[in-house]
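Below, chain A is the first sequence line, B the second, and so on; all start at residue 1. Small disclaimer: the values here were computed from a predicted structure and weren't measured.
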Protein chains: 2
Amino acid sequence: MRKPTIIDLAKAAGVSPTTVSHAFSGRRKVDPATRERIIALAEEMGYRPNQAAQRLRSGRTGTIALASSMPFAVAAGASRLGFLMEIAASAAMTALTRNMALCLIPPLAPGSNLDSLALDGAIVVEPARDDPLISRFEARHTPIVSIGKVPGRDDIPAVDLRSAQTARLLLDHLYQAGSRRIGLITGERRRTSYEETEAAYAEFAAAHDMPQVAARLDETGGESLAETETMQLLRRNPDLDGLLVTVDAFATGALTALAGLGRRVPQDIRLATRYDGLRARLAQPPLTAVDLHLDQIANIAVEMIFARIEGRDHTIEAPIVTLLPRPSSLP
Amino acid sequence: MRKPTIIDLAKAAGVSPTTVSHAFSGRRKVDPATRERIIALAEEMGYRPNQAAQRLRSGRTGTIALASSMPFAVAAGASRLGFLMEIAASAAMTALTRNMALCLIPPLAPGSNLDSLALDGAIVVEPARDDPLISRFEARHTPIVSIGKVPGRDDIPAVDLRSAQTARLLLDHLYQAGSRRIGLITGERRRTSYEETEAAYAEFAAAHDMPQVAARLDETGGESLAETETMQLLRRNPDLDGLLVTVDAFATGALTALAGLGRRVPQDIRLATRYDGLRARLAQPPLTAVDLHLDQIANIAVEMIFARIEGRDHTIEAPIVTLLPRPSSLP
DNA sequence: AGAATTTACCAAAACGTTTTGCGCGAATCG
DNA sequence: CGATTCGCGCAAAACGTTTTGGTAAATTCT
């Protein structure tokens with residue numbers, strides 16, 4: 001009573017294994033009648049092609065990597081959660097439906113064993129300009145799909161995170177909520193989301209005749225760095241009445257700073273961030289954020305890397321982002 | 001310039017593929033000298049055994065499942081994070097070092113495609129008594145390791161979550177912080193962690209001559225259910241000055257209720273929970289919790305399922321839990 | 001010294017697919 | 001009507017391991 005093989009199925013259907021294979025793969029014509037008979041019989045017998053055999057034959061490994069260059073302190077943190085894990089959960093599920101396994105790659109311990117594991121493709125999350133992750137995979141000829149464009153690399157397929165649009169959405173919202181002097185805090189590394197946000201901010205500032213007050217923080221600094229830097233920022237620019245902070249850990253750090261300075265949120269100064277994670281939602285007050293639809297993004301990334309592995313080239317539009325207004329910026 | 005195979009390596013070493021295989025697996029004696037020569041040569045040529053071939057030959061799939069019976073509302077939530085993901089992240093990494101892929105199994109959509117995917121083993125997270133997940137895997141003869149014992153099933157290998165000890169730790173702490181009337185909130189499903197906590201609570205109550213005030217909530221109810229139920233609990237037992245809430249989402253719900261009732265935390269009533277997630281840490285005030293060392297737990301579970309798959313039976317002690325006192329229970 | 005055992009290795013047969021080249025009858029073409 | 005194409009199907013050769021049943025030579029036993 002072992003699992004039926006393609007041979008068992010072929011015998012039962014009175015055809016050769018070849019025909020069964022073609023019936024499933026569609027790589028050659030088979031008579032529609034026989035095809036249906038085979039499919040039905042397969043269903044009945046509970047036949048599933050053996051993956052190991054398929055992979056051996058095809059040379060594929062059935063594994064795709066999910067890698068992030070964000071330092072753990074931000075990407076995963078002491079609690080190992082957030083942005084990356086949210087993507088991982090969705091991507092893992094979608095990969096499953098494709099009979100692919102998703103491997104989480106730890107943030108690049110230098111000279112790590114990354115070379116030892118065989119991969120069909122890699123999904124890279126928010127890479128920075130000249131990110132070593134990218135060159136690693138390229139050196140191995142591993143197909144890449146990026147979540148968030150790779151700065152300066154339009155040739156690498158990516159799921160757009162729509163950061164420019166996100167920034168405009170948040171800035172317009174802060175403006176409508178009454179803010180006239182808005183500051184910006186992003187990260188130091190050159191990621192597309194920061195660059196687009198900064199550009200949108202510059203444009204917004206110009207359009208509203210607003211002075212630019214911006215800071216870039218070291219991502220490994222986390223909440224505490226954001227706290228001290230926000231303090232300084234407000235000391236130098238006491239008239240700030242709005243703050244756009246792209247990284248959620250920075251945003252909660254900023255919130256602490258504001259509380260320390262005695263600025264009331266949202267009455268004196270309004271605060272908004274990008275990623276709608278637990279941090280944003282549980283903050284006091286809860287932070288206005290944007291629904292990036294990360295689950296869909298993750299699925300799209302998997303579909304795209306899958307297409308890429310198969311040699312097809314398939315670009316899928318990223319979902320539209322939507323604003324999630326919360327007390328941190330509401331009157 | 002394709003990847004060297006065992007045959008290439010055998011030729012280079014002047015032996016047969018058989019010998020190379022044995023040199024690596026150690027399943028038969030080979031001359032130590034030749035063995036070393038082979039290993040060195042393998043290193044030099046960059047030989048890695050082809051996994052697909054190994055799996056085809058051995059009949060293994062190289063995939064283990066990570067499954068939870070907790071409803072998404074609690075286990076993953078709108079943000080898909082928490083307990084489960086924390087385990088997933090660690091387990092995935094450890095699995096990687098074993099050349100195994102970890103698959104996240106979605107919480108059992110009834111009649112789902114679970115049967116379709118081939119698994120070498122499954123790690124089940126905090127199963128309940130008579131959990132359908134368990135019977136599913138057993139029906140398929142898939143080896144199981146449970147994180148948190150399976151109630152009533154001492155025959156299934158498990159990594160103990162030490163819930164009895166955890167409960168005692170928290171109860172003693174609350175007592176030392178001044179609480180004399182402590183209430184308990186757990187979940188409805190019969191999970192070992194609840195059962196052990198309840199037992200420890202009963203024992204503690206008896207020892208301290210304290211009346212028992214306990215509630216079990218529907219896990220799908222989440223924060224809002226916990227809020228209303230906590231209200232009721234306190235209305236009926238206004239003298240409560242301590243609360244042990246095992247599920248973090250319930251704990252934050254309770255916190256909201258307490259605020260609504262005008263009870264100050266920790267002055268009037270002290271609160272503690274079990275899982276030290278983002279929720280506990282970000283709550284206002286931050287919640288006293290316990291470090292379960294989930295990363296280690298996850299690794300242990302992977303090691304155990306791995307041993308189990310290979311036919312060995314290997315039990316590894318769970319790490320000792322440690323208290324994380326926070327303002328929710330500190331004077 | 002001959003028999004029995006151990007050592008060190010090898011050849012060949014799986015494992016379950018997919019792919020390639022080929023055959024054969026039927027349909028189409030000039 | 002002969003020649004060509006097309007549709008449908010098959011046999012056999014990979015893909016890279018591990019395992020099993022061997023065989024000589026070296027060692028040990030009696």
Side-chain angles (χ1 to χ4, degrees), chain A residues 1-39 41-42 45-63 98-100 116-118 120 309-311, chain B residues 1-39 41-42 45-63 98-100 116-118 120 309-311:
Chain A
M1 275 304 293
R2 38 168 244 309
K3 276 188 67 179
T5 76
I6 199 173
I7 302 194
D8 303 327
L9 178 54
K11 273 190 188 134
V15 297
S16 78
T18 308
T19 307
V20 175
S21 176
H22 289 326
F24 280 112
S25 71
R27 297 188 64 88
R28 280 206 194 171
K29 280 258 156 210
V30 320
D31 189 89
T34 32
R35 198 186 108 92
E36 276 197 31
R37 187 158 40 96
I38 292 173
I39 303 278
L41 214 49
M45 300 172 59
Y47 167 74
R48 322 230 95 224
N50 179 308
Q51 286 188 24
Q54 288 183 314
R55 302 214 230 268
L56 175 57
R57 187 51 236 230
S58 68
R60 300 241 181 83
T61 66
T63 304
R98 298 283 198 209
N99 279 322
M100 293 251 163
S116 83
L117 81 150
D120 288 338
I309 290 168
E310 288 193 326
Chain B
M1 276 303 294
R2 39 169 243 306
K3 276 187 66 177
T5 76
I6 199 173
I7 302 193
D8 302 328
L9 179 53
K11 273 189 189 132
V15 297
S16 78
T18 309
T19 306
V20 175
S21 177
H22 289 326
F24 280 112
S25 71
R27 298 187 66 87
R28 280 206 192 173
K29 281 260 158 215
V30 321
D31 188 89
T34 31
R35 200 187 107 91
E36 275 196 32
R37 186 158 40 96
I38 291 173
I39 304 277
L41 215 49
M45 300 173 59
Y47 167 74
R48 320 230 96 225
N50 179 307
Q51 285 188 25
Q54 286 183 316
R55 301 214 230 269
L56 174 58
R57 185 53 235 230
S58 69
R60 301 241 182 85
T61 65
T63 303
R98 297 284 198 210
N99 279 322
M100 293 250 160
S116 81
L117 82 152
D120 288 339
I309 290 169
E310 289 194 325

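You'll find the side chain of A:Thr5 reaches within 4.5 Å of the side chain of A:Asp8, heavy atoms only.
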Walk along nucleotides 7-16 of chain D from 5' to 3' and tag each nucleotide B, S or - by protein heavy-atom contact under 4.0 Å, base first, then sugar-phosphate. -SBBBBBBBB
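Atoms CZ (B:Arg27) and P (D:dT18) sit 10 Å apart, rounded to a whole Å. In this entry the distance linking CZ of B:Phe24 with C1' of D:dT19 reads 17 Å, nearest Å.
Donor-acceptor pairing under 3.5 Å is recorded for the side chains of A:Thr19 and A:Ser16.
Within 6.0 Å of CD on B:Glu310 lie more than 12 heavy atoms contributed by other residues, nucleotides or ligands.
Without hydrogens or angle criteria, A:Ser21 side chain to A:Pro17 main chain gives no donor-acceptor distance under 3.5 Å. Judged by distance alone, the side chain of A:Arg60 and the main-chain N or O of A:Arg55 form no donor-acceptor pair under 3.5 Å.
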